[in-house]
Amino acid sequence: MTKKIIFQNARLFDGISDGLREDISVCISNGKIGQVVKGRTSVPEGYEAIDLAGKCLLPGLIDTHVHATLIGEEALPLFLAAGVTSARDVGGALGAVLDLRSRIADGTLLGPRLFVCGPLLDGSTPSLGGPAFEPMLQAVPAPDAVPEIVGNLIAAGVDGIKLYFSLTPDIATEIIRFVDKRLPVTGHLGWTHSLEAIEAGIDGLEHVWISPYNEFCALDMQFGVGASMMDPTFWTKTLKGWEEADLNAGLATQWFDSMVEKQVHMGSTLDLLWTSRSGIDGAMKDPDRKLIPKVVRERQRAIAEQMGDRPDWDIHNWFFEASQGAGALEKHQEVTRLLHERGGIVVGGTDCGAIPIPPPGFSLLREIELLSDSMGAIGALKSVTSTAARYLRSEDEIGIIKEGNRADFLIVDGDPTNDVTDLRKLEDTYVGGVRHTQSELRALL
């Protein structure tokens, strides 16, 4: 139940400042944030006063890249247990994601506030296969099909549009033109190169690994029309292409300049290569491994039965070994650092649901750690709070602790602005002013 509360003696990271504000009082009423003031404030009748004893209060985290229909409804509280109070689903069957968004909003399901893009707008050649992924795709066969297909998505009430791998440049450009900034358009690009989409006016790119790959790899390593992500060699080839990439080459420089000039959001998803950092032994011992959702484990088991069982069956991605990709990840982090330093926009996203580990919610904690290496703790935190909220065009609702915004925030017994791993010291998650304790959320899991 929503209460009227005044939190006192908080160390506040409001999502936009460059550090903590000390001894702050934050008023909560009717699911909204009221006054945010320095020092202790009087307690009006009907309010409960809570002394935070110097603990950190910060906005709920935002994951800008999830696939909620791939993780199972029972796993949605995982997000809140990790402090993720809002998420953007960037690829799912339209009816399914709209239903999830509605049931979370009305309280039928416990999970993060959900923004949805509907299906992945793909070309005539499907980019994904299999019963779990095929329902997520919507083919756009030609530019003249755009008004009906995309118009229907907008009319259905989606929060954004997602372009996918096998869209050709003419169709991708027409979608961007048709949407005309009414909604954010993002893309996991392949057959369309990212510079083409940036020039057309796209709002965001997904995956440092994939969407800008052609602008950074050697010319003889590029992929284009006809490339397939279902070809296992695709992934090892792109890892090699990144390891050998020259970040100062002509196309790379042009990409940085265009991303900064157009202020295109780069959705990071660095955690796709988390096991490359941890190694197989580290991944096998990862405490988050026990949180892999049941639906994901079942999907992994089905794959294992076809490819041969192995001790890491539940975390293996089946395209490359955990020991691969460390050099590529370093390049992805360097791209992130350079883009941030030059004035570009980085937003945190994880692709959770599409990969088994890191699991939902906790994948964003891993992402923040990788982003912190590149952008510092404050930059990483902003990328999953205020910057992400602006990308979703919801900065007057979420992502910033300010008067009038929704009371979505975290209580942490530590200082994530100094060390982002302190996010693991999360005590309480508030959504719309309603408290969810760690013991409550973990009991649900």
Side-chain angles (χ1 to χ4, degrees), residues 55-56 58 60-61 63 65-67 70-72 74-85 87 110-112 268-301 304 309-318 321-326 329 333 348-373 377 380-381 384 410-416 418-429 436-445:
K55 294 175 182 177
C56 185
L58 68 156
L61 310 178
D63 190 335
H65 192 127
V66 311
H67 295 283
L70 293 179
I71 70 170
E74 72 279 1
L76 290 173
L78 271 171
F79 288 101
L80 303 185
V84 179
T85 57
L110 180 61
S268 50
T269 68
L270 301 173
D271 71 306
L272 290 171
L273 285 171
W274 177 258
T275 57
S276 300
R277 164 176 283 200
S278 64
I280 186 60
D281 289 340
M284 293 278 283
K285 298 173 183 176
D286 192 324
D288 294 342
R289 186 183 181 194
K290 64 181 180 292
L291 299 175
I292 297 173
K294 178 181 178 182
V295 169
V296 179
R297 290 199 312 272
E298 290 173 348
R299 196 159 59 239
Q300 288 290 109
R301 174 58 74 185
D309 206 352
R310 48 190 289 169
D312 61 343
W313 66 271
D314 58 329
I315 62 175
H316 196 277
N317 57 40
W318 308 113
E321 295 294 333
S323 58
Q324 293 179 282
L329 176 58
Q333 290 183 284
T350 66
D351 209 14
C352 71
I355 56 173
I357 195 169
F362 293 84
S363 57
L364 193 64
L365 300 184
R366 300 298 197 196
E367 187 72 19
I368 294 167
E369 291 174 30
L370 294 169
L371 287 170
S372 180
D373 289 346
L381 291 173
V384 296
L410 313 177
I411 305 297
V412 173
D413 189 14
D415 180 5
N418 180 58
D419 182 352
V420 295
T421 63
D422 274 2
L423 289 169
R424 294 277 180 165
K425 299 176 182 178
L426 173 66
E427 294 189 347
D428 298 319
T429 301
H436 301 281
T437 66
Q438 280 292 300
S439 58
E440 168 206 340
L441 293 170
R442 289 184 179 269
L444 290 174
L445 302 174

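Hydrogens, waters and symmetry mates are skipped; everything else that's a heavy atom, side chains included, is used. Just so you know, residue 1 is the first one in the sequence shown, and it goes up from there. Computed from a predicted structure; not experimentally measured.
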Interatomic distance, [X] atom [atom1] to [Y] atom [atom2] [nearest 0.5 angstrom]:
X	Y	atom1	atom2	answer
Asp314	Ile292	CG	CD1	4.5 Å
Asp413	Asp428	CG	CG	10.5 Å
Ile411	Leu58	CD1	CG	8.0 Å
Ile355	Ile315	CD1	CD1	11.5 Å
Leu61	Ile368	CG	CD1	5.0 Å
Ser278	Ile357	OG	CD1	7.5 Å

Check [Y] with [X], please: is the shortest side-chain N to carboxylate O separation under 4.0 Å?
X	Y	answer
Asp286	Arg366	yes
Lys294	Glu74	no
Arg424	Asp288	yes

If you look at every heavy atom in [X] and [Y], which pair is closest and at what distance?
X	Y	answer
Leu365	Ala82	CD2-O, 3.6 Å
Glu369	Trp274	OE1-CH2, 3.4 Å
Ala304	Trp313	CB-CB, 4.0 Å
Met284	Asp312	SD-CB, 3.4 Å
Lys425	Gly414	CD-CA, 4.4 Å

Check whether any side-chain heavy atom of [X] sits under 4.5 Å from a side-chain heavy atom of [Y], and report yes or no.
X	Y	value
Val295	Leu70	no
Val84	Thr429	no
Cys56	Pro416	yes
Ile71	Phe79	yes
Pro360	Pro293	yes

Open item on the list: Per the side-chain hydrogen bond (donor to acceptor under 3.5 Å, both in side chains) rule, what does the pair list look like for residues 348-359, sequence neighbours excluded?
Closed with: Asp63-Thr350, His65-Asp351, His67-Asp351, Thr350-Ser363

TODO: Would you confirm whether Thr269, through its side chain, and Leu272, through its main-chain N or O, come within 3.5 Å as a donor-acceptor pair?
DONE: no

Open item on the list: Quick one: does any side-chain atom of Glu427 pair with a main-chain N or O of Gln438 as donor and acceptor, under 3.5 Å?
Closed with: no

Open item on the list: Suppose we screen for side chain to side chain donor-acceptor pair (under 3.5 Å). Which residues come up paired with Thr85, at least two apart in sequence or across chains?
Closed with: none

Task: Glu367 versus Ser268, side-chain donor and acceptor atoms under 3.5 Å - done: yes

Task: Stepwise side chain to side chain contact (heavy atoms under 4.5 Å, CB included) check, Val66 with Leu364 - done: CA-CA 10 Å; Val66 311; Leu364 193 64; over 6 Å; no

Task: Contact list for residues 276-285, test salt bridge (Lys or Arg N to Asp or Glu O under 4.0 Å), sequence neighbours left out - done: Arg277-Asp373

Open item on the list: As a quick check of understanding, evaluate side chain to side chain contact (heavy atoms under 4.5 Å, CB included) for Leu444 and Leu110, giving each step before the final call.
Closed with: CA-CA 10 Å; Leu444 290 174; Leu110 180 61; 3.5 Å; yes

